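For reference, the structure is listed below as structure tokens.
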Amino acid sequence: ELSNCIEPFIKALPKKSALLLEEIDLKGKSQKEYAQSQGISYSTLKSRVQKSRAELRELFEECCVFSKDGNGNIKDFEAKSGKCKGC
């Protein structure tokens, strides 16, 4: 069910963050390849990816309460009523 929220939430991010996550996480472009195409260092890109993923995680956490297993994997979730927009 959460997979239906990924694309709308990415689109809700600032434009640069959204484009970055679309290319890397949705389209599967390698981080090194993306860094080269944008003319930035790989380490800079890695930082931007982490920041963008944190922004995405915040959107999910505004919408839902998650139960995680011992490894930090989501095992269940419950939507916060009235908090979710677009998914």
Side-chain angles (χ1 to χ4, degrees):
E1 291 179 57
L2 287 174
S3 63
N4 295 327
C5 297
I6 293 172
E7 196 167 341
F9 280 2
I10 286 177
K11 290 181 187 235
L13 294 171
K15 190 172 183 170
K16 283 186 177 183
S17 296
L19 180 59
L20 176 68
L21 293 183
E22 284 174 6
E23 290 295 317
I24 293 182
D25 290 333
L26 297 182
K27 294 180 181 176
K29 194 171 202 175
S30 80
Q31 290 185 21
K32 285 186 179 183
E33 182 182 352
Y34 189 80
Q36 289 175 341
S37 73
Q38 298 299 305
I40 58 176
S41 73
Y42 177 55
S43 62
T44 297
L45 179 75
K46 289 191 328 183
S47 295
R48 289 181 185 175
V49 169
Q50 287 179 335
K51 181 180 181 262
S52 297
R53 287 178 179 163
E55 291 171 338
L56 181 62
R57 185 175 26 261
E58 286 177 21
L59 290 177
F60 272 97
E61 290 172 349
E62 287 175 11
C63 179
C64 301
V65 176
F66 297 98
S67 299
K68 298 179 183 179
D69 64 18
N71 294 320
N73 299 311
I74 296 172
K75 63 179 185 177
D76 198 14
F77 73 97
E78 184 177 327
K80 296 177 183 176
S81 63
K83 297 282 185 175
C84 290
K85 300 173 190 156
C87 75

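Since the model is a prediction, treat every value here as computed from it, not as a measurement.
- Residues passing the salt bridge (Lys or Arg N to Asp or Glu O under 4.0 Å) test with Lys16, sequence neighbours excluded: none.
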Residues 52-59 side chain polar contacts: donor-acceptor under 3.5 Å, at least two apart:
residue	atom	partner	partner atom	Å
Ser52	OG	Ser17	OG	3.3
Ser52	OG	Arg48	O	2.9
Arg53	NE	Asp25	OD2	3.1
Arg53	NH2	Asp25	OD1	2.6
Glu55	OE1	Ser17	OG	2.8
Glu55	OE2	Lys51	NZ	3.3

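- Residues meeting the salt bridge (Lys or Arg N to Asp or Glu O under 4.0 Å) test with Glu7, sequence neighbours left out: Lys11.
- Sequence neighbours left out, the pairs with a member in residues 46-73 that pass ring-ring contact (aromatic ring centres under 6.0 Å, His included) are Phe9-Phe60.
- Between Ile10 atom CD1 and Leu26 atom CG the span is 4.0 Å, to the nearest 0.5 Å.
- Pairs passing the salt bridge (charged side-chain N to carboxylate O under 4.0 Å, His left out) check and including a residue from residues 65-77, sequence neighbours excluded, do not occur.
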Quiz: residues 31-45 side-chain donor-acceptor pairs under 3.5 angstrom, not counting sequence neighbours:
residue	atom	partner	partner atom	Å
Ser37	OG	Tyr34	O	2.8
Ser41	OG	Ser43	OG	3.4
Ser41	OG	Thr44	N	3.1
Ser41	OG	Thr44	OG1	2.7

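- With sequence neighbours left out, Lys27 forms a salt bridge (Lys or Arg N to Asp or Glu O under 4.0 Å) with Glu23.
- At a threshold of 4.5 Å between side-chain heavy atoms, the hydrophobic network of Ile, Leu, Val, Met, Phe, Trp and Tyr places Leu21 and Leu19 in two separate groups.
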